[in-house]
Colleague: 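Got a structure here, written out as structure tokens. Questions coming.
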2 protein chains.
Amino acid sequence: MAELSEAAGVPVPTIKYYMREGLVPPGRPTGRNQADYDQGHVRKIKLVRALADYGGLSIAAIRGLMHELDNPATELHRLLGAAQRTVTEHTEPRPGPHVEEAQRRIADLAARRGWHWEPDHPSFRTAVGVLSLLAEIGRQDMIDVLDGYAEAAERIAQADLAALGDLSDRERVVEVVVIGTALGDTLIAALRRMVQAHLSHELLGGHVEPPAR
Amino acid sequence: MAELSEAAGVPVPTIKYYMREGLVPPGRPTGRNQADYDQGHVRKIKLVRALADYGGLSIAAIRGLMHELDNPATELHRLLGAAQRTVTEHTEPRPGPHVEEAQRRIADLAARRGWHWEPDHPSFRTAVGVLSLLAEIGRQDMIDVLDGYAEAAERIAQADLAALGDLSDRERVVEVVVIGTALGDTLIAALRRMVQAHLSHELLGGHVEPPAR
DNA sequence: GGATAGTGGTAAGTAGCACTATCCACTCCC
DNA sequence: GGGAGTGGATAGTGCTACTTACCACTATCC
């Protein structure tokens, strides 16, 4: 187990904790107090850390995902839903005078772009929540980003789809969906900030060098 | 204060807590145990809840942002950096055999797209972390999403910039930057999932209707 | 063959966070 | 003039993600 800990870069007690919580399967016992672990274990532990550190997921959420990985859901379509539900913790929009308008706005957007959607989809509710909140604090002007974001979201989802690749390799697809859903958000946010910093540097400039020549 | 609590939809003890923690300024005292609150207070409390519920920020991070709001930084360029740093909690990539390659990949990407960047920018480090992690667990195939994501990130940052609008209204710009940085990620993630659900429905279909005609 | 270090398993303890409850002297308003 | 409410402070709560400590046992090195 010391080796396992070394290989995965995670302290022994934490590994024990993960096993207790069912995030990582137990080793194959070779005696009353000895067990073997293989590369699969190392990988799983690293994955757990990745989802926790970069995905910002709770242990409970990760447990859900890991179980999803272990019994590949029968229907791919349902798997995506499960991954989405597990990864996103949901906040219902607080009722307020602007909720309806926000709902209408997102519905319009979806209609315009030809998205099929359902009014009780958690992400729809989240988007509505953010929008109605912006309206409530009088920042309607920020709602105009919506179309730009929507366009970007389409581009992202397209990339996600491409990453799935060959759909017949079930196990692989399941893993890509689960990891991609959780870590994708983080990666996108990081790239967004890089571009923002770049634009900010270019337009507002830190110490603007005098142009060469 | 009961009115304030009512208007903001937040329990009284929580408001007291926020004031104690400096997230919300105290009211204008009108007696030894009485104070006046105005619309600004209601707005600020709502904003705090928004950042906590939808932005997923910690109280400490929100305090940082609120202070940013209160003394508009002199330089816009620095403000963005401050907002970014406050919103994103940073995880240094664990050293591993793939970190260097990941670094090279992101650097290449940035060079290809003409992004100016610095090697110690937190978002750069985060992106590197995610990539090297994917490599470590043998999911290099997922790294191919990078270009698609980068394109989307450019689109997003462009929308963000457009939302800033007139740069001369300092106070407004500061607010848009702070709110946009925090809530933008959530909004983007929500839209991403909506598109994913749509595509998934379309391609893998739940109950696929027989084509009309 | 005997000390020492390490193992799997479990139970109890801890640190940090975001509140929540309780108390207090006071004061508003009916 | 009396009960409800106020600002302010201190202490307590529930949750999460680990850590510590302990156990009986075993592998291994000398």
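We use all heavy atoms of the structure for the numbers below, so side chains are in, but hydrogens, waters and symmetry mates are not. Reminder, nothing fancy here: chain letters follow the sequence lines and each chain counts from 1.
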Colleague: What distance separates A/Arg105 CZ from A/Asp147 CG, expressed to the nearest 0.5 Å?
Modeller: 9.5 Å
Colleague: Which is true for B/Ala2 with a 4.0 Å heavy-atom rule: it touches a base, it touches only sugar-phosphate, or it touches nothing?
Modeller: sugar-phosphate
Colleague: Want to settle it: does A/Lys16 or B/Tyr17 sit nearer the 5' end of DNA chain C, counting the closest nucleotide to each?
Modeller: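 Here A/Lys16 is the residue nearer the 5' end.
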Colleague: Taking the six-membered ring where the residue is Trp, are the ring centres of A/His198 and B/His116 under 6.0 Å apart?
Modeller: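 A/His198 vs B/His116: aromatic centres not under 6.0 Å.
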Colleague: Under the 3.5 angstrom rule, does the side chain of A/His41 hit a backbone N or O of A/Pro25 as a donor-acceptor pair?
Modeller: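 Yes: the side chain of A/His41 pairs with the backbone of A/Pro25.
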Colleague: When rounded to the nearest 0.5 angstrom, what distance separates CD in B/Gln103 from CZ in B/Phe124?
Modeller: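 If we round to the nearest 0.5 Å, B/Gln103:CD and B/Phe124:CZ are 5.0 Å apart.
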Colleague: Taking only Lys NZ, Arg NE, NH1 and NH2, and the carboxylate oxygens of Asp or Glu, determine whether A/Asp53 and B/Arg94 approach each other closer than 4.0 Å.
Modeller: yes
Colleague: So what is the 5' to 3' dot-bracket string for DNA chain D, if pairs are Watson-Crick or G-U wobble with both distances under 3.5 Å, crossing pairs use [ ] and | means the partner sits on another strand?
Modeller: ||||||||||||||||||||||||||||||
Colleague: Once you round it to whole Å, what is the distance between P of D/dA17 and CE of A/Met19?
Modeller: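 To the nearest whole Å, that distance equals 19 Å.
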Colleague: More 5' along DNA chain C: B/Ala52 or B/Gly31, using each one's nearest nucleotide?
Modeller: B/Ala52
Colleague: How about B/Glu6: does its CD atom have over 12 heavy atoms from other parts shown lying under 6.0 Å from it?
Modeller: no
Colleague: Where each residue is assigned the nucleotide of DNA chain D containing its nearest heavy atom, which of B/Tyr37 and A/Arg20 is assigned the position nearer the 5′ end?
Modeller: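 So the residue in question is B/Tyr37.
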Colleague: To the nearest Å, give me how far apart CG (A/Asn33) and C1' (D/dC22) are.
Modeller: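 Rounded to the whole Å, the gap is 15 Å.
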Colleague: In whole Å, what is the span from the CD atom of B/Glu21 to the C1' atom of D/dA9?
Modeller: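 Interatomic distance, CD of B/Glu21 to C1' of D/dA9: 13 Å.
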Colleague: Expressed in angstrom and rounded to an integer, what is the separation of A/Arg63 atom CZ from D/dA17 atom C1'?
Modeller: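 Nearest whole value for this atom pair: 12 Å.
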Colleague: Output the rounded distance in Å from CG (B/Asp36) to P (D/dG5).
Modeller: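 Rounded to whole Å, this separation is 18 Å.
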Colleague: Are there over 12 heavy-atom neighbours, none belonging to B/Glu100, within less than 6.0 Å of that residue's CD?
Modeller: no
Colleague: Quickly, which of A/Arg49, A/Lys46, A/Arg43 forms a salt bridge (charged side-chain N to carboxylate O under 4.0 Å, His left out) with B/Glu136? Name it, please.
Modeller: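 The option that passes is A/Lys46.
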Colleague: Atom OH of B/Tyr18 to atom P of D/dA9: distance rounded to whole Å?
Modeller: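 Spelled out: OH on B/Tyr18 to P on D/dA9 is 19 Å.
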Colleague: Taking B/Glu151 first and then B/Arg155, would you say they form a salt bridge - that is, a charged N and a carboxylate O separated by under 4.0 Å?
Modeller: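 Between B/Arg155 and B/Glu151 there is no salt bridge, as every charged N stays at least 4.0 Å from the carboxylate O atoms.
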Colleague: At a heavy-atom distance below 4.0 Å, which nucleotide of DNA chain C is the first touched by chain A, and which is the last?
Modeller: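 Reading along DNA chain C, I get C/dG6 to C/dT10.
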